[in-house]
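Structure first, commentary second.
Note that ligands are numbered from 1 as they come in the structure, with each ligand's atoms numbered from 1 the same way.
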Amino acid sequence: MTQQSPSSPVLSVRDLAICFDTRHGPLSAVDGISFDLAPGEILGMVGESGAGKSLTGTAITGLLESPGRIHRGAIYFEGQRIDTLPQPEMRRLRGRKIGSIFQDPLTSLNPLMTVGQQLIQTIRTHLELSRDAARKRAIDFLAEVGIPAPETRVDQYPHQFSGGMRQRVVIALALCANPSLVIADEPTTALDVSIQAQILDLLKKMCRDHGAAVILVTHDMGVIAETADRVAVMYSGRVVEIGPVEMVVGDPNHPYTKGLMQSIPRIGGNARRLTQIDGAMPRLTDIPTGCAFHPRCPHAMDICRRALPERQKVEGGEVACYLYQEATV
Ligand code: SF4
């Protein structure tokens with residue numbers, strides 16, 4: 001494996017393109033995504049359903065299933081190219097080096113095993129620890145994620161936990177083998193609103209304490225604003241804006257990001273109705289030419305319908321929009 005300097009990115013995605021093979025030929029679902037993730041950084045990937053953000057996370061973990069496939073680009077994890085690794089090697093990397101947290105904790109936990117058995121199995125698969133030491137680590141992790149009476153709860157089954165407590169267990173499971181990257185895909189969407197903030201705070205604290213970088217996939221700009229260091233806004237398989245959270249959330253550039261921000265409910269806001277972005281994310285069979293956002297964009301120009309805007313550096317990040325490419329307007 002390539003030696004990494006402390007400042008090297010933990011993850012580099014280069015020109016990643018994912019398609020689905022169909023009877024009528026390949027359909028592009030993700031097209032030319034590039035980004036780096038620094039050690040310990042939390043990158044939020046945000047966009048509506050169908051933007052390609054979950055597919056990107058799935059490709060990084062090597063879990064993309066046919067008819068989906070990577071058809072261009074490369075993924076480097078700690079300096080090693082991983083998108084071409086055979087499945088057994090990728091399986092070893094998952095869990096040990098790359099942890100996952102999904103929307104519904106019930107799909108991540110085996111209902112037939114106690115949470116302790118699942119934690120101990122993960123710990124012993126990836127770390128060389130005796131059974132007793134692994135059990136102690138499992139109890140310590142349950143305590144760390146806020147499970148009361150962890151010495152007792154370790155021997156209970158997932159159905160004996162509430163939804164929020166189960167997601168705490170999943171966070172423990174994702175981090176107990178000391179991964180350097182965690183992919184969290186809509187980790188709070190299935191939870192009661194009253195406990196979403198607690199789980200996000202816990203995720204942030206656990207990843208900071210254990211030095212893990214995070215890709216946080218969500219459709220919710222509010223979640224991003226609370227949790228992420230940097231944000232990649234995705235639309236129709238492309239990153240249309242990327243930058244530090246205070247810039248993208250506080251002063252967005254791309255018309256789509258502005259639309260997402262205007263649709264967040266605000267306590268004390270004086271707007272009677274939330275502004276919504278008219279129209280819907282295009283289907284894979286029907287992606288418009290040029291800028292895919294042009295049918296919904298209030299600023300669309302002729303060139304937007306003809307040619308794809310490239311990502312350009314702007315103050316505080318990068319944006320793919322002709323409004324920021326003066327020479328072409
Ligand atoms: Fe709107 Fe054109 Fe910018 Fe696309 S490139 S977001 S259509 S102004």
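For ligand 1, the atoms lying closer than 4.0 Å to a non-hydrogen atom of L323 are 8 (S). Near H254, meaning under 4.0 Å from any of its heavy atoms, are these atoms of ligand 1: 6 (S). Numbered from 1 in the order shown, with element, the atoms of ligand 1 that lie under 4.0 Å from a heavy atom of P255 read 6 (S).
Atoms CG and OG, from D192 and S162 in turn, are 10.0 Å apart once rounded to the nearest 0.5 Å.
Ranking protein heavy atoms by distance to atom 2 (Fe) of ligand 1, first place goes to C304 SG, 2.3 Å. Of the protein's non-hydrogen atoms, the one nearest atom 3 (Fe) of ligand 1 is C321 SG, 2.3 Å. Here the protein heavy atom with the shortest distance to atom 4 (Fe) of ligand 1 is C291 SG, 2.4 Å. Scanning all protein heavy atoms for the shortest distance to atom 5 (S) of ligand 1 gives Y322 N, 3.3 Å.
Only the side chain of C297 comes within contact range of ligand 1, with a heavy atom under 4.0 Å; no backbone atom does.
When all heavy atoms of R96 and A177 are compared, the closest pair comes out as NH1-O, 2.7 Å.
Ring geometry for Y256 against H254 counts as perpendicular: the plane angle is over 60°, on a 0 to 90° scale with 30° as the lower cut.
Other residues, nucleotides and ligands contribute only 12 or fewer heavy atoms inside 6.0 Å of the CD atom of E65.
A distance below 6.0 Å separates the ring centres of H210 and F141.
Counting heavy atoms from C-beta on, the side chains of P158 and Q118 come closer than 4.5 Å.
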